[in-house]
Structures are given as structure tokens and as C-alpha cells.
Amino acid sequence: MSEMDNASSQPQRRPVITAVDKDDLVIPVIEFGPFLTGTPSDRNAVAASVTNAFKTSGFLYLRDHGIPFSTVSQVFESSARFFARPQVQKDSLGWTSPQSNRGYIKTGQEKLNLPTDTTDKDTAKRVTPDLKETMEIGRDDVDGLPNRWPDNLDDEGKEFKKVMQSFFEKCKALHTEVMRAIAIGMNLPEHYFDNYVDAGDNNLRLLHYPSVPKDTFKQNPGQVRAGEHSDYGSITLLFQDQRGGLQVRSPKGTFVDATPIADTVVVNAGDLLARWSNDIIKSTRHRVVEPPKTVEAGSDDGSDSYPARYSIAYFCNPNMNKFIEALPGTFEEELNESKKYPGITTGDYLVQRLTATI
């Protein structure tokens with residue numbers, strides 16, 4: 001890893017480590033602990049680094065983010081046990097609608113990079129389906145939109161519910177802190193976003209990329225585990241296993257490996273935050289592909305298949321009823337045309353995006 005010192009442009013900012021530096025794409029590893037527990041000067045320095053990363057690459061890695069490694073490990077283990085259930089049990093908890101966005105989505109049901117030509121999405125799913133299955137978990141207290149918990153199946157299902165509810169709240173707290181860092185970095189009051197995100201209208205997505213024959217990628221050049229896409233909301237917290245495969249689109253149009261780093265969470269800005277910032281913050285496209293041989297355990301051992309991959313994405317959103325329009329300071333007050341996008345409520349925006357992919 002190399003060192004990146006932004007002191008020339010931001011005197012208060014400390015050097016940070018770069019996780020990715022290729023094809024003009026720079027993704028830093030930022031120590032978040034000083035923001036959570038440090039002095040005002042510490043907090044300002046971290047906020048500047050976080051916001052700078054979102055403005056330049058749209059991606060960063062957070063270390064010392066306040067969620068214990070043991071907690072993350074427990075969630076991964078619980079997720080793996082869920083996906084190992086019989087298919088009939090998982091199908092009984094199936095996803096129903098974009099408005100709910102809760103429940104199980106089987107392999108091939110979702111395709112993230114939908115065609116731009118006349119090919120319909122059903123055909124695209126059939127030809128090169130995304131090789132993943134997911135479990136979607138939302139707020140647990142929304143009338144008419146219940147989570148599809150497996151707690152009625154057995155004791156393990158009850159434990160799954162308990163583990164995921166606890167993790168959901170921990171991620172919600174981290175979302176709030178990252179938004180506070182962005183507020184400081186955007187020269188807004190620290191708590192500017194608090195009443196935009198306090199409801200926790202977020203989505204916890206458990207992902208399982210099943211074991212796949214290596215020939216699948218050779219026989220289908222366009223095949224990926226998850227297609228090229230940008231995320232929809234404010235930020236995403238992504239917890240990776242060590243298999244690898246996540247790639248981020250660079251300014252040169254290439255895709256660069258975002259290699260897993262132990263004890264970190266990958267954080268990226270979503271489309272709604274980019275829209276909110278009048279495109280000052282970047283929402284960068286990314287995908288999950290064939291694991292790189294430098295990361296994939298056993299990739300050169302002569303086996304015919306890649307092992308399964310697991311990841312956990314916590315998609316953060318403003319409250320569903322909030323009206324989102326360009327932030328103060330991102331446009332000229334007297335020139336309304338300098339706002340790039342009309343205002344829209346979070347709920348309407350997310351339903352539009354989800355409807356297009358499933």
C-alpha cells in the first residue's frame with residue numbers, strides 16, 4: 001500500500017493509506033475512530049478525508065468503525081446458515097414488491113445492469129443472470145411491510161432474526177456518524193442530516209454468490225456475479241469476505257479490483273446522495289466478477305469451480321418521506337437552473353429504481 005497525503009489542499013488532513021491507486025482511481029483507507037471519540041480537530045480531519053474521498057472516487061474503506069469484528073463474523077455465519085436452507089424454505093420467504101423490498105430473492109431473479117437496447121429484461125436475465133441470491137431486511141416497524149423472517153421455521157430462524165435486528169441497528173448508528181462527517185466536510189452543521197436519517201429506512205442485504213464452475217465465465221464473456229451498477233440511496237456499507245471479485249469503475253473507464261481488507265467496511269456514495277449534493281459527491285459504478293487469482297483461495301489448485309462468496313450490504317437511505325433537493329452551498333441561490341435535478345421524495349425515487357431491476 002502507498003501513502004497519500006492531502007495536506008497541500010487541506011492542511012488539517014492527516015495522511016491516509018490508499019487501498020486502491022490505479023487508472024486515476026484512488027480509494028483511501030480511513031481510520032474512523034478519531035471521528036467517533038476524538039477531539040474537534042480530529043473529527044474535522046476525518047470529516048475532510050471522508051468527504052474528499054466521496055468527491056473524488058465515491059468510495060472509501062473505513063477502519064475502526066465501531067462495529068466489532070466478532071459481530072460481523074456472527075452475521076456472516078448466520079447468513080451462510082440461512083442460504084444453506086432448503087430452497088423451499090427460502091422461497092416461502094420470497095420478496096414481493098419494490099414498495100416492501102423485503103424477503104428472499106433467488107438466483108437469476110434480479111439483474112443489476114439491465115440492457116439499454118431493445119432486449120427486454122426477462123431475456124437479459126435468462127441469457128446472463130446475476131449469479132447471486134439475496135435476503136432483504138428492512139425496518140421492522142413499518143405497518144403493512146413486514147420483514148420475511150424465518151423465525152416461524154425453527155430455533156435457528158429465531159436466532160437469525162435476533163442477530164440481524166441487532167446488526168441492523170449497529171449499521172444504522174454508523175450511517176448516522178458517516179452522514180455527520182459528510183455534513184462537516186460539506187460545511188454544513190454537524191447534525192444537518194440527523195432528522196433526514198433518524199427513521200432508519202435502510203435495507204440490510206445478505207448476499208450469497210454460489211459456487212460456480214470456472215468455465216461459466218469463459219463460455220459467457222458477459223457473465224458476472226453481480227452486474228455493473230451504482231447504488232440507489234445515500235451511502236452503502238459493504239462487508240466483504242476474502243474471496244474478492246468487487247471491482248470499481250475508474251475515471252478511465254476500466255474496472256479496478258477493490259481487494260478485501262480485513263477489519264474494514266467499504267463505504268460508497270449512492271445516486272441519491274450524488275443527486276442531493278448536486279453531483280459534487282460521486283456515485284461510482286461497480287460490479288462483482290470472477291474472483292481475481294491473487295485473492296481467490298485455491299484458484300490455481302486445479303479445481304473446476306470457484307468457491308461461494310458472501311457479502312453483506314447495508315443500503316442507507318434518507319427517511320422515505322423526506323423531500324430531497326440540492327443541498328445548501330451546492331448551487332447559486334439566485335440561479336435556480338444551477339440545480340441539476342428536481343426535488344423528489346426518497347420513497348418515490350427508490351421505488352422507481354427497484355422496479356427497473358426486478
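Given the structure is predicted, the values throughout are model-derived calculations rather than measurements. Residue numbers start at 1 and run along the sequence shown.
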Point-to-point distance, once rounded to the nearest 0.5 Å, from CE of Met164 to CZ of Phe82: 9.0 Å
In the structure I gave you, are the side-chain heavy atoms of Pro318 and Thr346 within less than 4.5 Å of one another anywhere? yes
Ring-face cation of Arg287 near Phe255 (centre distance under 6.0 Å, axis angle within 45°): yes
Under a single-linkage definition using a 4.5 Å side-chain heavy-atom cutoff for Ile, Leu, Val, Met, Phe, Trp and Tyr, are Leu246 and Leu25 assigned to the same hydrophobic cluster? yes
How long is the straight-line distance from NZ of Lys161 back to CG of Leu153, given to the nearest 0.5 Å? 12.0 Å
Any Pro68 side-chain heavy atom under 4.5 Å of Thr71 side chain: yes
Would Asn52 and Ser49 count as having a side-chain donor-acceptor pair, cut-off 3.5 Å? no
Where do Tyr341 and Asp279 land on the side chain to side chain donor-acceptor pair (under 3.5 Å) test, with the steps shown first? CA-CA 10 Å; Tyr341 308 98; Asp279 284 342; 2.6 Å; yes
Would you compute the distance between atom CH2 of Trp276 and atom OH of Tyr349 and round it to the nearest 0.5 angstrom? 13.0 Å
Of the options Phe167, Tyr314, Phe69, Tyr310, which is the one that meets Phe239 in a ring-ring contact (aromatic ring centres under 6.0 Å, His included)? Phe167
Would you say Ile281 and Leu62 are hydrophobically clustered, going by side-chain heavy atoms of ILVMFWY under 4.5 Å? yes
Are any non-hydrogen side-chain atoms of Ile137 and Arg205 less than 4.5 angstrom apart? no
When you measure from the side chain of Thr355 to the backbone N and O of Val351, does any donor-acceptor pair fall under 3.5 Å? yes
Can a salt bridge be assigned to the pair Asp201 and Arg139 using a cut-off of 4.0 Å between side-chain N and carboxylate O? yes
Parallel, tilted or perpendicular: ring planes of Tyr196 versus Tyr192, cut at 30 and 60 degrees: parallel
Group every Ile, Leu, Val, Met, Phe, Trp and Tyr by side-chain heavy-atom contacts under 4.5 Å, then state whether Phe54 and Phe193 land in the same group. yes
Is the shortest side-chain heavy-atom distance between Lys282 and Thr56 below 4.5 Å? no
Cut-off 3.5 Å, side chains only: do Thr39 and Asp42 have a donor facing an acceptor? yes
Side-chain heavy-atom pair Met186, Thr330 within 4.5 angstrom cut-off: yes
Charged N-O contact under 4.0 Å between Arg85 and Asp154: yes
Got a donor-acceptor contact below 3.5 angstrom from the Asp64 side chain to the Phe32 backbone? no
Mind checking the CG-CG spacing from Asn147 to Leu204? Nearest 0.5 Å is all I need. 9.0 Å
Take Leu273 and Met179 through the test side chain to side chain contact (heavy atoms under 4.5 Å, CB included) and record every step on the way to the result. CA-CA 10 Å; Leu273 180 58; Met179 295 305 294; 4.3 Å; yes
Distance only, no hydrogens: is a donor on one side chain within 3.5 Å (strictly under) of an acceptor on the other, for His65 and Thr264? no
Walk me through whether Val256 and Gln247 qualify under side chain to side chain contact (heavy atoms under 4.5 Å, CB included). CA-CA 5 Å; Val256 178; Gln247 293 186 328; over 6 Å; no
Please report the shortest heavy-atom distance between Thr51 and Ile182, naming the atom on each side. OG1-CA, 3.7 Å
Test of understanding: clusters of I, L, V, M, F, W, Y form through side-chain heavy atoms closer than 4.5 Å, transitively. Do Tyr104 and Val75 belong to the same one? yes
How many angstroms lie between atom CG of Asp198 and atom CG of Asn195, to the nearest 0.5 angstrom? 6.0 Å
Decide whether Glu136 and Thr134 meet the rule of one side-chain donor and one side-chain acceptor closer than 3.5 Å. yes
Any sub-3.5 Å donor-acceptor pair from Asn203's side-chain atoms to Asn101's backbone N or O? yes
Residues Arg180 and Asp194 bridged, charged N to O under 4.0 Å: yes
Can a donor-acceptor pair be found, under 3.5 Å and without considering hydrogens, that links the side chain of Ser166 to the backbone of Val163? no
Using a 3.5 Å distance criterion without hydrogens, assess whether the side chain of His208 forms a donor-acceptor pair with backbone atoms of Leu206. no
Between Ala19 and Val29, the two heavy atoms sitting closest are CB-CG2, 3.6 Å
Establish, yes or no, whether the cationic atom of Lys132 lies under 6.0 Å from the six-membered ring centre of Tyr209 and within 45° of the ring axis. no
Under a 3.5 Å distance rule, please check whether Arg43 uses its side chain to pair with a backbone N or O of Phe35 as donor and acceptor. yes
Under a 4.5 Å cut-off applied to non-hydrogen side-chain atoms, are Tyr232 and Leu272 in contact? no
Residue pair Asn319 / Gly200: nearest heavy atoms and the distance that separates them: OD1-N, 4.1 Å
Can any side-chain N or O of Asp304 pair as donor or acceptor with the backbone N or O of Pro213 at less than 3.5 Å? no
So does Lys90 have more than 12 non-hydrogen atoms from other groups sitting under 6.0 Å from NZ? yes
Check whether any side-chain N or O of Ser283 sits under 3.5 Å from a backbone N or O of Asp271 as a donor-acceptor pair, and report yes or no. yes
Nearest heavy-atom approach of Ser338 to Asn278 is O-ND2, 2.9 Å
State, to 0.1 Å, how close Ser78 and Phe160 come at their nearest heavy-atom pair, and which atoms those are. OG-CD1, 3.4 Å
Evaluate the criterion side chain to side chain donor-acceptor pair (under 3.5 Å) for residue pair Asp348 and Thr345; output intermediate values, then yes/no. CA-CA 5 Å; Asp348 287 345; Thr345 62; 3.0 Å; yes
Is it true that a side-chain atom of Thr18 and a backbone atom of Val20 form a donor plus acceptor pair closer than 3.5 Å? no
If you measure from CG on Asp23 to OG on Ser250, what distance do you get to the nearest 0.5 Å? 4.5 Å
Could you check Thr284 against Ser230 for side chain to side chain contact (heavy atoms under 4.5 Å, CB included), going step by step and ending with a plain yes or no? CA-CA 6 Å; Thr284 305; Ser230 55; over 6 Å; no
When you look at NZ of Lys158, are more than 12 heavy atoms from neighbouring residues, nucleotides or ligands closer to it than 6.0 Å? yes
Counting distance only, does the side-chain N/O of Arg285 pair as donor-acceptor with the main-chain N or O of Glu228 below 3.5 Å? yes
Residue pair Ile30, Tyr61: steps toward the side chain to side chain contact (heavy atoms under 4.5 Å, CB included) verdict: CA-CA 6 Å; Ile30 298 174; Tyr61 290 65; over 6 Å; no
Measure the shortest side-chain to side-chain distance between Ile17 and Pro28 over non-hydrogen atoms and say whether it is less than 4.5 angstrom. no
Side-chain touch Cys316/Val197, heavy atoms, less than 4.5 angstrom: no
For residues Val178 and Leu327: do they belong to one hydrophobic cluster (side chain heavy atoms under 4.5 Å, members Ile, Leu, Val, Met, Phe, Trp, Tyr)? yes
How close do Gly244 and Arg309 get, heavy atom to heavy atom, and via which atoms? O-NE, 3.2 Å
Are Asp231 and Thr236 close enough that a side-chain donor and a side-chain acceptor fall under 3.5 Å? yes
